[in-house]
Q: 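Pasting a structure here, questions to come.
Just so it is clear, the structure is predicted and the values come from calculations on it, not from any experiment.
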Amino acid sequence: MTGFFKELASFNFNYVLDAVSWRLPDWLFKYVRTYLLCAERPKLLCRNYDSHFMRFADVDDIPLIVPLGISRRLIRERLDNGDRCLIMGKDNSVHTIIWASPGKRYLKVGGAILDPGDDGVIFYGGYTAEEVRMLGLFPTAFNAIYNSFVSEKRTRVYASIHSLNRLSYKTHIRMNFKPVGEATHFSLLGLKFTYYKYWPHRVKKFTVFIKVPPEGLFWN
């Protein structure tokens, strides 16, 4: 609470509103500001992990992914909608995971709509288990899933980063990402609002909807 009141005293309303929304159900109140980053050719330092498995997940891998906090229904829905999931781990445990979408999607966390075009892809849902962080697993997994899209001439990568996640933002900048968009999303009693400060493709400056996103897009 000390940090909360410190940010409040310094008029950091972005932090305060985000902290409040973390403590309330999404339908009641939610606030999040995100940056959209893009890289034409990401720069990564990768290592070889002969002791780890690395592959694209299918429905048989659902039991391995569920412990990461993703429901069976959502995993199957993402795979059925053409999203790819690269998993990396040891024995029967997944240590690193990353998802990618080649199509137009509604970015659920940031409340924004993104169309990566014919030469782009959206990366999301990246996660590395706490006990193996800082070992370089994520860049290796990132590079593997990226190369799978390069062969399809999709070289532009988009990633949405929470505005308060400074570490992730700096990491992406080191990987040759640049900011190309910023959006603010909030919901109140089930009514959702998204404001696009700037965006890489044409969108309405302000959108309002209930429950499902405009255009009936798939959520990721």
Q: Would you kindly confirm whether Ile98 and Tyr127 end up in one hydrophobic cluster when ILVMFWY residues are joined by side chain heavy atoms under 4.5 Å apart?
A: no
Q: Give a yes or no answer on whether the side chain of Arg154 reaches the backbone of Gly120 with a donor-acceptor pair at less than 3.5 Å.
A: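 It does hold such a pair.
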Q: Salt bridge between Arg84 and Glu152, side-chain N to carboxylate O under 4.0 Å?
A: yes
Q: Show, in sequence, the C-alpha distance, side-chain angles and deciding distance for Thr34 and His185, and conclude whether the side chain to side chain contact (heavy atoms under 4.5 Å, CB included) test is met.
A: CA-CA 8 Å; Thr34 54; His185 174 74; over 6 Å; no
Q: Would you say Leu135 ends up clustered with Ile145 if hydrophobic residues are merged whenever their side chains have heavy atoms under 4.5 Å apart, either directly or through other cluster members?
A: yes
Q: As an exercise, state the distance from CG of Leu86 to OH of Tyr146, rounded to the nearest 0.5 Å.
A: 15.5 Å
Q: Without swapping roles, check the side chain of Asn143 against the backbone of Pro139 for a donor-acceptor pair under 3.5 Å.
A: no
Q: Return the minimal non-hydrogen interatomic distance between Pro116 and Tyr158, and the atom names on each side.
A: CA-CE1, 3.8 Å
Q: May I ask you to test the Arg105-Asp83 pair for a side-chain heavy-atom distance under 4.5 Å?
A: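 With C-beta onward as the side chain, the pair touches.
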Q: Report the C-alpha separation of Ile75 and Trp99 in whole Å, then their side-chain angles, then the decisive distance to 0.1 Å, and conclude whether the side chain to side chain contact (heavy atoms under 4.5 Å, CB included) test is met.
A: CA-CA 10 Å; Ile75 297 168; Trp99 289 84; 4.0 Å; yes
Q: Is Val32 reachable from Tyr169 through a run of I, L, V, M, F, W or Y residues, each pair having side-chain heavy atoms under 4.5 Å apart?
A: no
Q: Measure up the Trp199 and His201 rings against each other and bin them: parallel (under 30°), tilted (30 to 60°), perpendicular (over 60°).
A: perpendicular
Q: Out of curiosity, His172 NE2 to Asn165 CG, how far, rounded to the nearest 0.5 Å?
A: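 Rounded to the nearest 0.5 Å, the NE2-CG separation comes to 9.0 Å.
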Q: Rounded to the nearest 0.5 Å, how far does CD1 of Ile161 lie from CZ of Phe177?
A: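 The CD1 atom of Ile161 is 8.0 Å from CZ of Phe177, to the nearest 0.5 Å.
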Q: Short question: side chain of Lys205, backbone of Tyr196 - any donor-acceptor pair under 3.5 Å?
A: yes
Q: Begin from the C-alpha positions of Arg33 and Thr184 and carry the test side chain to side chain contact (heavy atoms under 4.5 Å, CB included) through to its verdict.
A: CA-CA 4 Å; Arg33 182 159 60 93; Thr184 300; 3.5 Å; yes
Q: From Met88 CE over to Thr96 OG1, what is the distance, rounded to the nearest 0.5 angstrom?
A: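 With rounding to 0.5 Å, CE (Met88) is 6.5 Å from OG1 (Thr96).
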Q: Do Asn176 side-chain atoms and Arg41 backbone N/O form a donor-acceptor pair below 3.5 Å?
A: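 Checked: pair present.
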Q: With distance as the sole test, does Ser93 use its side chain to make a donor-acceptor pair with the main-chain N or O of Gly89 at under 3.5 Å?
A: no
Q: Got a second to check how far Ile65's CD1 is from Ile97's CD1, nearest 0.5 Å?
A: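 Here the rounded value is 4.5 Å.
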Q: Identify the heavy atoms of Val121 and Ala100 that sit nearest to each other, and give their distance.
A: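 Minimum heavy-atom contact is CG2-CB, 4.0 Å.
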Q: Out of curiosity, does Tyr106 fall in the hydrophobic cluster containing Phe123 (side-chain heavy atoms, cut-off under 4.5 Å, transitive links)?
A: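 No.
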Q: Run the numbers on Arg55 and Ile87 for side chain to side chain contact (heavy atoms under 4.5 Å, CB included), then give the verdict.
A: CA-CA 6 Å; Arg55 64 176 180 269; Ile87 56 176; 4.1 Å; yes
Q: Consider only side-chain heavy atoms of I, L, V, M, F, W and Y, link residues closer than 4.5 Å, and tell whether Tyr124 and Leu79 are in one cluster.
A: yes
Q: Locate the shortest heavy-atom distance separating Lys90 from Ser51; write the atom from each residue and the value.
A: CG-O, 3.4 Å
Q: Are any side-chain N or O atoms of Asn48 and backbone N or O atoms of Asp50, one a donor and one an acceptor, separated by less than 3.5 Å?
A: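 Not at all, since once roles are kept as given, no pair shorter than 3.5 Å links the two residues.
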Q: State the OG1-NE2 distance between Thr128 and His95, to the nearest 0.5 angstrom.
A: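 Spacing of OG1 (Thr128) from NE2 (His95) equals 10.0 Å.
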Q: Any heavy-atom pair between the side chains of Pro179 and Tyr35 that's under 4.5 Å?
A: no
